[in-house]
Amino acid sequence: QVQLVETGGGLVQTGGSLRLSCASARTISRLAMGWFRQAPGKEREFVGAITRNGGTTKYHDSVKGRFTVSRDNDRKMVYLQMDSLKPEDTAVYYCAARPTILSVNDVDTREDVYQYWGQGTQVTVSS
């Protein structure tokens with residue numbers, strides 16, 4: 001079982017930045033990781049994903065150029081750097097993980113392939 005804990009959410013003004021962190025108590029070196037978000041009244045959506053070795057990332061079009069996913073396998077941490085935040089980025093952000101044997105080129109945007117989920121952290125962007 002992999003337990004994930006997100007931190008770093010909060011209230012920020014439009015144009016500001018936040019860095020979300022996702023911590024695991026167990027090794028994540030064999031896990032591909034993803035970030036998802038759910039805004040009030042909307043379904044959860046893909047934000048970004050990163051391969052096991054951190055060499056490949058993929059983003060939703062709405063966050064490309066503003067958000068960056070990174071990871072530190074030694075520290076068992078995954079990060080979501082969010083810059084140039086907009087009110088429409090307001091949501092609960094979730095970290096997710098899925099086991100994979102592939103270390104490269106294996107990023108997946110589908111929510112249902114992720115096996116482990118954190119509890120979420122609230123991000124609110126004021127206008």
Side-chain angles (χ1 to χ4, degrees):
Q1 186 73 13
V2 176
Q3 292 184 320
L4 305 171
V5 178
E6 304 97 332
T7 56
L11 175 63
V12 64
Q13 292 185 332
T14 296
S17 296
L18 281 175
R19 187 175 83 153
L20 304 184
S21 298
C22 174
S24 172
R26 300 182 64 176
T27 181
I28 62 170
S29 60
R30 297 187 178 186
L31 301 173
M33 305 296 294
W35 286 95
F36 292 78
R37 67 185 180 186
Q38 187 167 22
K42 296 186 177 181
E43 293 188 351
R44 190 155 56 185
E45 67 175 5
F46 169 76
V47 174
I50 189 166
T51 51
R52 274 176 46 176
N53 66 354
T56 301
T57 55
K58 189 169 186 177
Y59 300 95
H60 190 278
D61 286 346
S62 65
V63 306
K64 278 182 184 177
R66 300 189 299 122
F67 289 14
T68 303
V69 180
S70 62
R71 65 190 293 160
D72 185 336
N73 286 348
D74 290 338
R75 296 186 175 184
K76 297 176 286 186
M77 297 288 293
V78 182
Y79 305 99
L80 179 65
Q81 177 67 42
M82 305 186 295
D83 299 317
S84 303
L85 282 161
K86 305 175 181 180
E88 50 264 43
D89 294 319
T90 295
V92 177
Y93 283 73
Y94 297 90
C95 175
R98 58 184 182 87
T100 177
I101 62 173
L102 301 175
S103 61
V104 298
N105 301 326
D106 183 21
V107 287
D108 206 308
T109 66
R110 299 171 297 170
E111 180 179 343
D112 58 1
V113 304
Y114 287 85
Q115 187 172 345
Y116 306 106
W117 292 83
Q119 83 289 348
T121 186
Q122 176 70 47
V123 172
T124 302
V125 185
S126 63
S127 57

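In this text, all values refer to a predicted model and were calculated from it rather than measured experimentally.
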Atom [atom1] in [X], atom [atom2] in [Y]: separation rounded to 0.5 Å?
| X | Y | atom1 | atom2 | value |
| --- | --- | --- | --- | --- |
| S127 | K86 | OG | NZ | 14.0 Å |
| I28 | R75 | CD1 | CZ | 12.0 Å |
| Y59 | L80 | OH | CG | 8.0 Å |
| S84 | F67 | OG | CZ | 9.0 Å |
| I50 | L31 | CD1 | CG | 12.5 Å |

Heavy atoms only: give me the nearest [X]-[Y] pair and the separation to one decimal.
| X | Y | result |
| --- | --- | --- |
| L11 | S126 | CD1-CB, 4.2 Å |
| L4 | Y116 | CD1-O, 3.7 Å |
| V125 | T90 | N-OG1, 2.9 Å |
| A32 | Y114 | O-CE2, 4.1 Å |
| V107 | T56 | CG1-O, 3.7 Å |

State, yes or no, whether a side-chain contact exists between [X] and [Y] at a heavy-atom distance under 4.5 Å.
| X | Y | value |
| --- | --- | --- |
| P99 | Q115 | yes |
| V12 | M82 | no |
| H60 | V47 | no |
| E111 | E43 | no |
| V69 | V78 | yes |

Checklist entry - R30 and R52: side-chain contact (heavy atoms from CB on, under 4.5 Å), yes or no, with the steps? => result CA-CA 6 Å; R30 297 187 178 186; R52 274 176 46 176; 4.2 Å; yes
Next on the checklist: Going by side-chain hydrogen bond (donor to acceptor under 3.5 Å, both in side chains), R98 matches just one of D112, D106, D108. Which one?
Outcome noted: D106
Checklist entry - Considering the options Q38, R44, R37, which one meets the side-chain hydrogen bond (donor to acceptor under 3.5 Å, both in side chains) requirement together with Y93? => result R37
Checklist entry - Mind checking what makes side chain to side chain contact (heavy atoms under 4.5 Å, CB included) contact with Q119, not counting sequence neighbours? => result V5, E6
Item to check | side chain to side chain contact (heavy atoms under 4.5 Å, CB included) partners for T27, two or more places apart | outcome: S29
Item to check | Verify same cluster id: V123, M33 (apolar side-chain graph, 4.5 Å) | outcome: yes
Checklist entry - Would you call K64 and D61 a salt bridge, taking side-chain N to carboxylate O under 4.0 Å as the test? => result yes
Name every donor-acceptor pair, under 3.5 Å, that has one atom in a side chain of residues 15-22 and the other anywhere in the protein, sequence neighbours excluded.
| residue | atom | partner | partner atom | Å |
| --- | --- | --- | --- | --- |
| S17 | OG | D83 | OD1 | 2.7 |

Next on the checklist: Is it the case that the side chain of K58 and the backbone of A49 share a donor-acceptor pair, with hydrogens and angles ignored and the cut-off at 3.5 Å?
Outcome noted: no
Next on the checklist: Parallel, tilted or perpendicular, judged at 30° and 60°: which one describes the rings of W117 and Y94?
Outcome noted: perpendicular
Next on the checklist: Check the orientation of F36 and F46. Use parallel for under 30°, tilted for 30 to 60°, and perpendicular for over 60°.
Outcome noted: perpendicular
